[in-house]
Structures are given as structure tokens and as C-alpha cells.
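Below: one structure, written as C-alpha cells.
For the single chain, residues carry numbers from 1 onward in sequence order.
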Amino acid sequence: QVQLVESGGGLVQAEGSLRLSCAASGRTGSLSTMGWFRQAPGKEREFVAAITWRGGFTAYGDSVKGRFTIATDNAKFTVYLQMSALKVEDTAVYYCAAKRIGVNEYEYWGQGTQVTVSS
């Protein structure tokens, strides 16, 4: 019904920047919210950021607030995560996810993209 494909991950030095992209396809009109999550080895999945398709309301996890920015290009059905001032502890697999209108859970998930930050 909805497909999400992430791109943009890679290796970057601490204090550097990286932009992740997530392209949505399928029944995108049914979606209310896009989110980014991350998971490092041995750790629980962590909320990073979210944005609504309508209105552009945003939310950020405390660990990335002030450093990361989430944005959408509605015409391209794409959500971005602009990451700056990267830290080694930002190293993780980053996942794009989506909620449907009227549904609280993130039902759709991308395959993930690896971000590695070196000191």
C-alpha cells in the first residue's frame, strides 16, 4: 500500500553534516505523519524526528534537538533529515516510517540506511 525507500547514509566525520532522504510511494494520500527512527547495535530503537504532511508540525528527540532538522517536499512525496554537528553516538541505522490518518502506530517502514560517524 505504501512503500518507503531511504537513501543518503554513509561515513562522515564528527562535526560533519549529512542529509538523509525517504521517498514515499503508493497511497501517500492516506498518510498523516512521517518519522525518522534510529537503532544502534545493542540498543533500543530511538525516536529521532517527525513531521506532519499537512501543516508541517515537527517534533524531535532530545538527543538531536538543535542539530537535526526534518522537512518535506510534498510535491516529491519525500521527507528529509538534515543532520549537522554529528557525534559518534549518532552512529546507527536510520529508518523512515509513516503513520496513516487516524492511526497512532507507525505502520510502514523503510529498509534503513547506515550512518557511521567517525571521531
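Here CG of Leu18 is found 9.0 Å from CZ of Phe68. Values are rounded to the nearest 0.5 Å. Interatomic distance, Arg54 CZ to Thr72 OG1, rounded to the nearest 0.5 Å: 12.0 Å. With values rounded to the nearest 0.5 angstrom, Leu31 atom CG is found 8.0 Å from Gln1 atom CD.
Looking at residues two or more places apart in sequence or on another chain, you find no salt bridge (Lys or Arg N to Asp or Glu O under 4.0 Å) involving Arg19.
Taking the six-membered ring wherever Trp is involved, the centroid distance between the rings of Trp109 and Phe37 falls below 6.0 Å.
For the pairing with Ser32, the side-chain contact (heavy atoms from CB on, under 4.5 Å) check across Ile101, Thr52, Val103, Asn104 returns one residue only, Ile101. The only option from Ile51, Leu20, Val115 that meets the side-chain contact (heavy atoms from CB on, under 4.5 Å) definition with Leu81 turns out to be Leu20.
Residues Gln3 and Tyr108 are not in side-chain contact: their nearest non-hydrogen atoms beyond the backbone lie 4.5 Å or more apart. When side chains are defined from C-beta on, Ile70 does not count as touching Tyr80, because their heavy atoms never get closer than 4.5 Å. Counting heavy atoms from C-beta on, the side chains of Trp53 and Met34 come closer than 4.5 Å. You'll find the side chain of Val5 reaches within 4.5 Å of the side chain of Gln111, heavy atoms only. Residues Gln82 and Ser17 form a side-chain contact, since some pair of their non-hydrogen atoms from C-beta on lies under 4.5 Å apart. Side-chain contact check for Trp36 versus Val79: some heavy-atom pair is nearer than 4.5 Å.
Ser84 places a side-chain N or O within donor-acceptor distance of the main-chain N or O of Arg67, the cut-off being under 3.5 Å. Without hydrogens or angle criteria, Thr113 side chain to Gly9 main chain gives a donor-acceptor distance under 3.5 Å. No donor-acceptor distance shorter than 3.5 angstrom exists from the side chain of Thr28 to the backbone of Ser25, with no hydrogens or angles considered. No donor-acceptor pair under 3.5 Å is formed between the side chain of Tyr95 and the backbone N or O of Glu6.
Inspection of the Gln13 and Ser118 side chains reveals no N or O donor paired with an N or O acceptor under 3.5 Å. When only modelled atom types and interatomic distance are considered, Gln39 and Tyr94 share no side-chain donor-acceptor pair under 3.5 Å. Judged purely by distance below 3.5 Å, without hydrogens or angles, the side chains of Glu46 and Ser63 pair a donor atom with an acceptor atom.
For the pair Gly112 and Val93, the tightest heavy-atom approach, listed with the atom from each and the gap, is CA-CG1, 3.9 Å. Residues Tyr106 and Phe47 approach most closely at OH-CE1, 4.4 Å, considering heavy atoms. The nearest pair of heavy atoms linking Ala24 to Leu4 is CB-CD2, 3.7 Å.
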Derivation and outcome, side-chain contact (heavy atoms from CB on, under 4.5 Å), residues Val12 and Met83 = CA-CA 11 Å; Val12 63; Met83 305 182 292; over 6 Å; no
With side-chain contact (heavy atoms from CB on, under 4.5 Å) as the test, would you mind laying out the steps for Val64 and Arg38 before giving the verdict?
-> CA-CA 11 Å; Val64 307; Arg38 66 187 184 185; 3.8 Å; yes
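Residues Lys99 and Glu105 are not paired through a salt bridge, judged by the lack of any N-O separation under 4.0 Å between the basic side chain and the carboxylate. Under a 4.0 Å N-O distance rule, the pair Lys87/Asp90 does not qualify as a salt bridge.
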